A.B. asks: 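First the structure, which I've put down as structure tokens, then a few questions once you've had a look.
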Amino acid sequence: MTDANSSREGFGSLYGASTDEGAQKEAFTSGKFPVAVYGLGKMGLPLAAVFAEICGNVIGVDIDPDVVSSLQNGDCHIKQEPGLGSLVADLVNNDSLQATTEPREAARDASIHVVIVPTPITEQKEPDLAILDTVIADIATGLTEGDIVLVECTVPPKTTETRVFERLLGESDLNRGEFGVAFCPERTSSGRALEDIRGAYPKVVGGIDDESTRAASVIYDTINSEGVLTVSDATTAEAVKLFEGLYRDVNIALANELGQFTDELGIDVREAIDIANTQPFCHIHNPGPGVGGHCIPYYPYFLIKPFETPAPLLSAAREVNDSMPSFTVAKVREGLESQGIAIEDAKIVILGLTYRPGVKEIRASPAISISQELSALDAEVFGIDPLLDSFEEFDIQPIEQDKLYELSVDGLILVTPHEEFEQIQWTELDDPAVIIDGRASLENLETDSWVYTIGRGKQIGKYS
Ligand SMILES: NC(=O)C1=CN([C@@H]2O[C@H](COP(=O)(O)OP(=O)(O)OC[C@H]3O[C@@H](n4cnc5c(N)ncnc54)[C@H](O)[C@@H]3O)[C@@H](O)[C@H]2O)C=CC1
Ligand SMILES: CC(=O)N[C@@H]1[C@@H](OP(=O)(O)OP(=O)(O)OC[C@H]2O[C@@H](n3ccc(=O)[nH]c3=O)[C@H](O)[C@@H]2O)O[C@H](C(=O)O)[C@@H](O)[C@@H]1O
């Protein structure tokens, strides 16, 4: 990576640039503004790769030495992103992308700082911005006039203007107007990150001042083929990102609540939802065994906790979604008891432990609480997940998928339908007494088990 000073010769800076935007874009794509990307995870690595393929001058920063050393060897530790492995190999090979565990060195040499580190919640459901604070403190040590900091990790509204900009002002030797800060949310879904980052939809940009918005727009307009949506300020941009996630959590809760009516109404609620959604203004989501990941179940607390304004709907939606693992366990128990099997005598296998198919992420995964509740009821619980190689968060005995045929279980719960499960030869399995299909993905199953599909209801005998 050529450092900021040597690469800026004769061009100056992006934030506060006096040249025309064409020249700025040209300077950016020719690597005159070295980029540091802080956080090389599911989002950060694809993002660093797209920046590197555009500007050829990126240093990725991660605290995990294994992440950094694999990257330095041209390997890609994020396996479920189409095209990312070969892109990373090429970019490392042609020196467009490097990696380091030294954030302050990277900050010194960069003039564009992209922050995409974890922003989880605490046990008390408070936003936990400690990692962000650390990274901002590191950037402050290397911030120079004309730099711009682009915050992409999801944060509570007002974070960029206060916690980020004010700390950079306080901890660097720069003044207001000498560097830029903008919130430019990552709106991507794992599994399609490169496609999304390159331009599945416009990039939202909101700066702490107009010049920050402008400079950030020059960058993302160059990266994203769908262009940029600029908003009034950083807080508005933070709200855009949060509202997308809150919309999803509330609507999944609606689907989960409606899905529980299936028994009393004696209908397939999923059928009713599908037909209701033919109305162009109706977008009811899908019922399921719970809402996982470190985004959708966390984001409501970015509004509920830091602010005074009441948010009863957001809290109620969290309650509904968090109740779905227990609903799932109750259905297993109901099925077993209908077959004369006490849950404390039952062997149960959970298929799919990550929070959604194809993504190696277990934070807030419904399978965690389902496994814990079943074990608390003294059931013997097994778990299968082709993406995972460690299972300590789950109260299960992990088994390989091909061992399923040797296991005679009383209950089988499909929580997360990984595509690998399509290889299961169901006719070769000892029919479990009870099957819970959490995601309505076991279509056309020839079985005499007691089958319950969340949102569809129970089916005894042939299940299709
Ligand atoms: N995963 C997703 O689908 C999306 C995530 N986001 C947001 O992006 C942010 C990052 O999420 P993911 O990439 O999924 O997280 P991740 O957990 O996959 O990766 C985070 C990476 O940051 C590294 N890290 C932790 N502390 C660090 C530090 N002090 N300095 C440098 N690196 C550090 C970790 O070692 C890890 O490699 C979060 O704020 C999340 O809300 C936004 C949109 C989509
Ligand atoms: C508004 C929106 O769709 N946000 C996306 C979301 O992606 P994420 O990877 O969290 O997956 P997701 O599809 O929202 O699923 C989250 C959880 O909710 C469950 N889920 C999802 C949809 C549904 O109808 N029913 C349901 O139960 C999933 O099984 C999963 O456990 O959150 C991402 C994020 O912000 O991290 C965001 O970038 C993505 O665009």
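Each ligand, and each atom within it, is numbered from 1 in the order the structure gives. Everything numeric in this text was worked out from a predicted model, so none of it was measured.
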A.B. asks: Please state which part of V155 comes within less than 4.0 Å of ligand 1, counting heavy atoms only: side chain, backbone, both or neither.
C.D. replies: neither
A.B. asks: Return the closest protein heavy atom for atom 39 (C) of ligand 2 as residue, atom name and distance.
C.D. replies: S189 OG, 3.3 Å
A.B. asks: Students should be able to answer this: which protein heavy-atom is nearest to atom 44 (C) of ligand 1, and at what distance?
C.D. replies: T188 O, 3.1 Å
A.B. asks: What atoms of ligand 2 come closer than 4.0 angstrom to any heavy atom of E244?
C.D. replies: 1 (C)
A.B. asks: Taking the side chain from D196 and the backbone from R198, do they hold a donor-acceptor pair closer than 3.5 Å?
C.D. replies: no
A.B. asks: Quick one: does K241 get within less than 4.0 Å of ligand 1, heavy atoms only?
C.D. replies: yes
A.B. asks: Within the 4.0 Å heavy-atom shell around C153, which atoms of ligand 1 are there?
C.D. replies: 9 (C), 39 (O)
A.B. asks: Near V135, which atoms of ligand 1 are under 4.0 Å from a heavy atom of that residue?
C.D. replies: 28 (C), 29 (N), 30 (N)
A.B. asks: Considering non-hydrogen atoms of the protein only, which is the closest contact for atom 28 (C) of ligand 1, and what is the distance?
C.D. replies: I63 CG2, 3.5 Å
A.B. asks: Under 3.5 Å, side chain of T119 to main-chain N/O of T154, donor-acceptor pair present?
C.D. replies: yes
A.B. asks: Check the surroundings of atom CD in E400: do more than 12 heavy atoms from other residues, nucleotides or ligands lie under 6.0 Å from it?
C.D. replies: no
A.B. asks: Does at least one non-hydrogen atom of Y299 fall below 4.0 angstrom from an atom of ligand 1?
C.D. replies: yes
A.B. asks: In terms of atom number and element, which parts of ligand 2 are under 4.0 angstrom from non-hydrogen atoms of G292?
C.D. replies: 16 (C), 17 (C), 30 (C), 31 (O)
A.B. asks: Compare P297, G290, G259, G288 and give the one whose heavy atom is closest to atom 19 (C) of ligand 2.
C.D. replies: G290
A.B. asks: Check for me whether H294 has a heavy atom closer than 4.0 Å to any atom of ligand 1.
C.D. replies: yes
A.B. asks: For atom 10 (O) of ligand 2, what's the nearest protein heavy atom and its distance?
C.D. replies: I296 CG1, 3.6 Å
A.B. asks: Closer than 3.5 angstrom, by distance alone: can the side chain of N256 be matched with the main-chain N or O of G288 as a donor-acceptor pair?
C.D. replies: yes
A.B. asks: Does the plane of the ring in F28 sit parallel, tilted or perpendicular to the ring in F51? Use 30° and 60° as the thresholds.
C.D. replies: perpendicular
A.B. asks: Please check if atom CD in Q423 has more than 12 non-hydrogen atoms from other residues, nucleotides or ligands closer than 6.0 Å.
C.D. replies: yes
A.B. asks: If only atom types and distance count, is the side chain of S172 paired as donor or acceptor with the main-chain N or O of L174 below 3.5 Å?
C.D. replies: yes
A.B. asks: Could you list which atoms of ligand 1 come closer than 4.0 Å to a heavy atom of S190?
C.D. replies: 1 (N), 3 (O)
A.B. asks: When you compare the side chain of F183 with that of T236, does any pair of heavy atoms fall below 4.5 Å?
C.D. replies: no
A.B. asks: Is the ring pair W450/Y452 parallel, tilted or perpendicular, if the boundaries are 30 and 60 degrees?
C.D. replies: parallel
A.B. asks: Has N57 got a side-chain atom pairing as donor or acceptor with G31's backbone, closer than 3.5 angstrom?
C.D. replies: yes
A.B. asks: Write out the residue and atom name of the closest protein heavy atom to atom 17 (O) of ligand 1, then the distance separating them to 0.1 Å.
C.D. replies: R363 NH2, 2.7 Å
A.B. asks: To which protein heavy atom is atom 43 (C) of ligand 1 closest, and what is the distance rounded to 0.1 Å?
C.D. replies: E186 O, 3.1 Å
A.B. asks: Could you tell me whether I252 approaches ligand 2 through its side chain, its backbone, both or neither, with non-hydrogen atoms closer than 4.0 Å?
C.D. replies: side chain
A.B. asks: Does the pair E334/K458 count as a salt bridge with the N-to-O cut at 4.0 Å?
C.D. replies: yes
A.B. asks: Heavy-atom count check: over 12 atoms from other residues, nucleotides or ligands less than 6.0 Å from E257 CD?
C.D. replies: no
A.B. asks: Checking contacts here: is it the side chain or the backbone of T188 that comes within 4.0 Å of ligand 2, counting heavy atoms only? Could be both or neither.
C.D. replies: backbone
A.B. asks: Which residue owns the protein heavy atom closest to atom 4 (C) of ligand 1, what's the atom, and how far is it?
C.D. replies: M43 CG, 3.3 Å
A.B. asks: So between D64, D62, D196, whose heavy atom ends up nearest atom 34 (C) of ligand 1?
C.D. replies: D62
A.B. asks: Taking all heavy atoms of G83 and all of L194, pick out the closest pair and write down the distance.
C.D. replies: C-CD1, 3.7 Å
A.B. asks: Return the closest protein heavy atom for atom 7 (C) of ligand 1 as residue, atom name and distance.
C.D. replies: T154 OG1, 3.9 Å
A.B. asks: Is the positively charged end of R187 above the ring of Y201, judged by distance under 6.0 angstrom from the centroid and angle within 45° of the axis?
C.D. replies: yes
A.B. asks: Among A130, S189, G41, whose heavy atom sits nearest atom 21 (C) of ligand 1?
C.D. replies: G41
A.B. asks: For ligand 1, note which part of H77 has a heavy atom under 4.0 Å away: side chain, backbone, both or neither.
C.D. replies: neither
A.B. asks: Could you tell me the residue and atom name of the protein heavy atom closest to atom 38 (C) of ligand 1, and the distance to it rounded to 0.1 Å?
C.D. replies: V117 O, 3.6 Å
A.B. asks: Please state which protein non-hydrogen atom is closest to atom 18 (O) of ligand 1 and give its distance, to 0.1 Å?
C.D. replies: K42 NZ, 2.8 Å
A.B. asks: Are there over 12 heavy-atom neighbours, none belonging to F391, within less than 6.0 Å of that residue's CZ?
C.D. replies: yes
A.B. asks: So is P118 in contact with ligand 1, going by heavy-atom distances below 4.0 Å?
C.D. replies: yes
A.B. asks: Quick check on contacts: which atoms of ligand 2 are under 4.0 angstrom from a heavy atom of Y299?
C.D. replies: 34 (C), 35 (O), 36 (O)
A.B. asks: What atoms of ligand 1 come closer than 4.0 angstrom to any heavy atom of G39?
C.D. replies: 22 (O), 31 (C), 32 (N)
A.B. asks: Among M324, H283, R356, R248, which one has a heavy atom closest to atom 2 (C) of ligand 2?
C.D. replies: R248
A.B. asks: G293 near ligand 2, heavy-atom distance under 4.0 Å?
C.D. replies: no
A.B. asks: For atom 29 (O) of ligand 2, what is the nearest protein heavy atom, given as residue, atom name and distance?
C.D. replies: R439 NH2, 2.9 Å
A.B. asks: For atom 30 (C) of ligand 2, find the nearest protein heavy atom and state the residue, atom name and distance (0.1 Å precision).
C.D. replies: Y355 O, 3.4 Å
A.B. asks: Closest by any non-hydrogen atom to atom 39 (O) of ligand 1: pick that one out of T119, L45, D66.
C.D. replies: T119
A.B. asks: Are any of the N or O atoms of T134 closer than 3.5 Å to those of ligand 1?
C.D. replies: no
A.B. asks: For the pair D389 and K360, find out whether any cationic side-chain nitrogen is under 4.0 Å from an anionic carboxylate oxygen.
C.D. replies: yes
A.B. asks: Between Y201 and ligand 2, is there a nitrogen or oxygen pair with a distance under 3.5 Å?
C.D. replies: no
A.B. asks: Restricting to non-hydrogen atoms, name the atom on T213 and the atom on G207 that form the minimum distance, rounded to 0.1 Å.
C.D. replies: OG1-N, 2.9 Å
A.B. asks: Looking at K331 and D263, is any side-chain nitrogen of the basic one under 4.0 Å from a carboxylate oxygen of the acidic one?
C.D. replies: yes
A.B. asks: If you count the atoms of ligand 2 from 1 in the order shown, which ones are under 4.0 Å from a heavy atom of K241?
C.D. replies: 34 (C), 35 (O), 37 (C), 38 (O)
A.B. asks: I'd like to know if R363 pairs up with E361 as an ion pair, taking the criterion as any Lys NZ or Arg NE/NH1/NH2 lying under 4.0 Å from an Asp or Glu carboxylate oxygen.
C.D. replies: yes
A.B. asks: If the threshold is 4.0 Å, N to carboxylate O, is there a salt bridge linking E186 and K241?
C.D. replies: no
